[in-house]
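Chain identifiers are assigned alphabetically (A, B, ...) following the order of the sequence lines, protein sequences preceding nucleic acid strands; residue numbering begins at 1 within each chain.
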There are 2 protein chains.
Amino acid sequence: MSGKTTIYDIAKALNITAATVSRALNNNPKISQSTRKLVLETANKMNYKQNKLALALRSGKSNNVGVIVPRINTNFFASVIRGIEEGLHPEGYQVIICQTHEDEDREVENVNTLLNAQVDGIFMSISNLPKENNHYIERVIQKNIPLIFFDRKKEMKNVSSVTIDDYLASYQTTQHLIEQGCKKIAYFSGDRSLEIYEDRYRGYEQALLDNNIPINEDYIISIKSNVVEGRDAVEKLLALENPPNAIFSTSDFAALGAIQKLKEHGIKIPEDFCVFGFGNEPFTKFMELSISTIDQSPLEMGKMAAQVFLDKINNKKSESKVILSPKLLIRQSSTRIS
Amino acid sequence: MSGKTTIYDIAKALNITAATVSRALNNNPKISQSTRKLVLETANKMNYKQNKLALALRSGKSNNVGVIVPRINTNFFASVIRGIEEGLHPEGYQVIICQTHEDEDREVENVNTLLNAQVDGIFMSISNLPKENNHYIERVIQKNIPLIFFDRKKEMKNVSSVTIDDYLASYQTTQHLIEQGCKKIAYFSGDRSLEIYEDRYRGYEQALLDNNIPINEDYIISIKSNVVEGRDAVEKLLALENPPNAIFSTSDFAALGAIQKLKEHGIKIPEDFCVFGFGNEPFTKFMELSISTIDQSPLEMGKMAAQVFLDKINNKKSESKVILSPKLLIRQSSTRIS
DNA sequence: TAGATTTGTGTAATCGATTACATGAAATCT
DNA sequence: AGATTTCATGTAATCGATTACACAAATCTA
């Protein structure tokens, strides 16, 4: 009645069995052309739609994949998800979204929910403060469900990942700032318990060392990714006896806050001070003083993650660790010499 | 073996039937405390997880809802989706994402896919160029699956919607520009075959009429929501014999493009020219010249849509048309008089 | 034309959980 | 003690689609 036609309804209408209907609909060779045609026509007439749940239950494949991110409404994550969706849609997969809000309990809960929903794969950018307890991740691996980390990964066996080369990005950026004549480079760090932030820190450190510039602990400030923290950090830096003349911020938002505050202090950018961000948030390009930053190719990252998943599903590769090249976007905020 | 415990496995282990196990797990009163305890312990020990697919197939409820948007990676849509997710997560629903890329065929396909997946509800912001043929929407209604339009709606019976008062937003903005001393107000319009753009246009028109300002057709330009179209539109406007001294753009991106181009022409904002956007994209606030715009409360819109869905599911209301208040954010780009 | 092969359908099990109904045992009542 | 109720559990159908196996009819082979 309310638009629910099953293969049994079609079978009854044609006085045949559901098995035959199923075969006709699935182009099974063991069926006569005449009945196939009849079934197809009747199915169409009765507006039959396959019930994916029944199919999923029987086949064990839901044709859904789950994506777990800290939050969906930032350009980076939304774009990665878009990439995943675009890569998987042609193959008939639907994407289920989960947010952790950077909460580890929520992350565990999300993984369990997705497993109960019988997803065929899980894409995940882990939350801050990674749990010691990897039990919930082990369970995914044990169930042989493809798990693909993107951006914020955790080094594990049997798990694929798609990231950019954060170390390289950071090294090159620091090198660039040095070449612009900045030797006193402050660094806004994310939570270094996450691999990507540790890698970025190492890149910064190594570039300084390679240029015989000593590390100044006062210049290294731990921040969260928002405007206010960037402003506050600048206040701290300017209060130093020997303040820096450049900032490399691992967050575009903090870089923006830093620029605002520097301007308020009458400091000229880039003449007196260079600033470099990370992430290529849309606004960095739009500012009157455009902000130099690093593009992480989120759309491409999502598409690549989708491909890694498909390769695994099709038994082409069991595990891939894809590392994309970061793209330095050198804009006004760090260009003294061009 | 690979981590798949069913109620049958538990039943076998305890030498009882699956029915009893099911009852124990569901707190059915018809069961003894002792067996319940035993089952619960064993289930825990065997790491049992309920198979949602089986449950969904039997109950007809998948505990999934679908969201159809033109694209996910813009602040507005990503935020609405976040709101929906946050509103529905506590109730145990998962959100499935679909993108139309503004393509109507893709929209039809997405609706069908979601129906086949037996979603319990569909949230949708329709694509441009709405189809004459509403058949695919009728089918949703006929199946009695809650359908909630947000932002870009279509007026229909038995369909709920959550929008802002676009007419009012537009009226107030135009009024504001007039109060700032601008009488020659250009208007960047979206596709007026969509209700929201038609409503916005009417608000603009009415405000002019109420202030005895004649409509100048040359000032009305149809644009797509991006920077380049804003720039191009300004070129056209400045080439007019009698160019405007204000722009009300129904897109923040186009407003940004307009500002860029106006500046290039040496025109001072807001002194010589006022600009007003729509949507409160993050960058509008961050600019050195902050852009006046209208906040659509996307997070709230998503949460409200989730609530509308829940009300329908729980038979509290059959159909709601929620209209949120727009928030004018009057910033530098339109502030001559403060 | 008898026997072998092909072809098209039907039968019934399966995926995992829930639940109306049946049943047997224990508990309660008269 | 016998009748009746209560309680806990088992039996089996159901949700919708797929598929191994069985079987009958049609076609082919020698």
Review point. A:L55 side chain: which of C:dT18, D:dT18, C:dG16 is closest?
Key: D:dT18
Point to revise | Test of ring centre spacing under 6.0 Å for A:F123 and A:F149 | key: no
Point to revise | Nearest heavy atoms of A:N158 and A:K312, plus distance in Å | key: O-NZ, 4.2 Å
Point to revise | Between CG on residue A:N116 and CG on residue B:L53, distance to nearest 0.5 Å | key: 10.0 Å
Any protein N or O atoms within reach of nucleotides 12-14 of chain D? Criterion: under 3.5 Å, listing atom names and distances.
residue : atom : partner : partner atom : Å
D:dT14  : O2   : B:R58   : NE           : 2.8
D:dT14  : O2   : B:R58   : NH2          : 3.4

Check your understanding: Quick one: is C:dG10 close enough that its OP1 or OP2 comes under 4.0 Å of any side-chain N or O from A:T17?
Key -> yes
Point to revise | A:R139-A:N112 side chain donor-acceptor pair, cut-off 3.5 Å | key: yes
Review point. How far does the helix from C:dT1-D:dA30 to C:dT30-D:dA1 bend, going by the axes of its first and last five pairs, to the nearest 10°?
Key: 50°
Review point. Contact class for A:I16 (heavy atom, under 4.0 Å): base, sugar-phosphate, or nothing?
Key: sugar-phosphate
Check your understanding: What integer distance in Å separates A:N63:CG from D:dT18:P?
Key -> 12 Å
Revision key, fill the gap. When rounded to whole Å, the CD1 to P distance for the pair A:I7 and C:dT9 reads 15 Å
Revision key, fill the gap. Scanning both residues in full, the closest heavy-atom pair of A:A18 with A:A11 reads N-CB, 3.6 Å
Review point. More than 12 heavy atoms of other residues, nucleotides or ligands under 6.0 Å from NZ of B:K316: is that the case?
Key: no
**Study point:** Interatomic distance, A:Q118 CD vs C:dA17 C1' [rounded to whole Å]
**Key:** 12 Å
Review point. Taking everything shown except A:K317 itself, do over 12 heavy atoms lie less than 6.0 Å from its NZ?
Key: no
Exercise for review: Could you identify which residues of residues 20-39 of chain B place a heavy atom less than 4.0 Å from some atom of DNA chain D, listed by residue number, or say none?
Suggested key: B:T20, B:R23, B:K30, B:I31, B:S32, B:T35
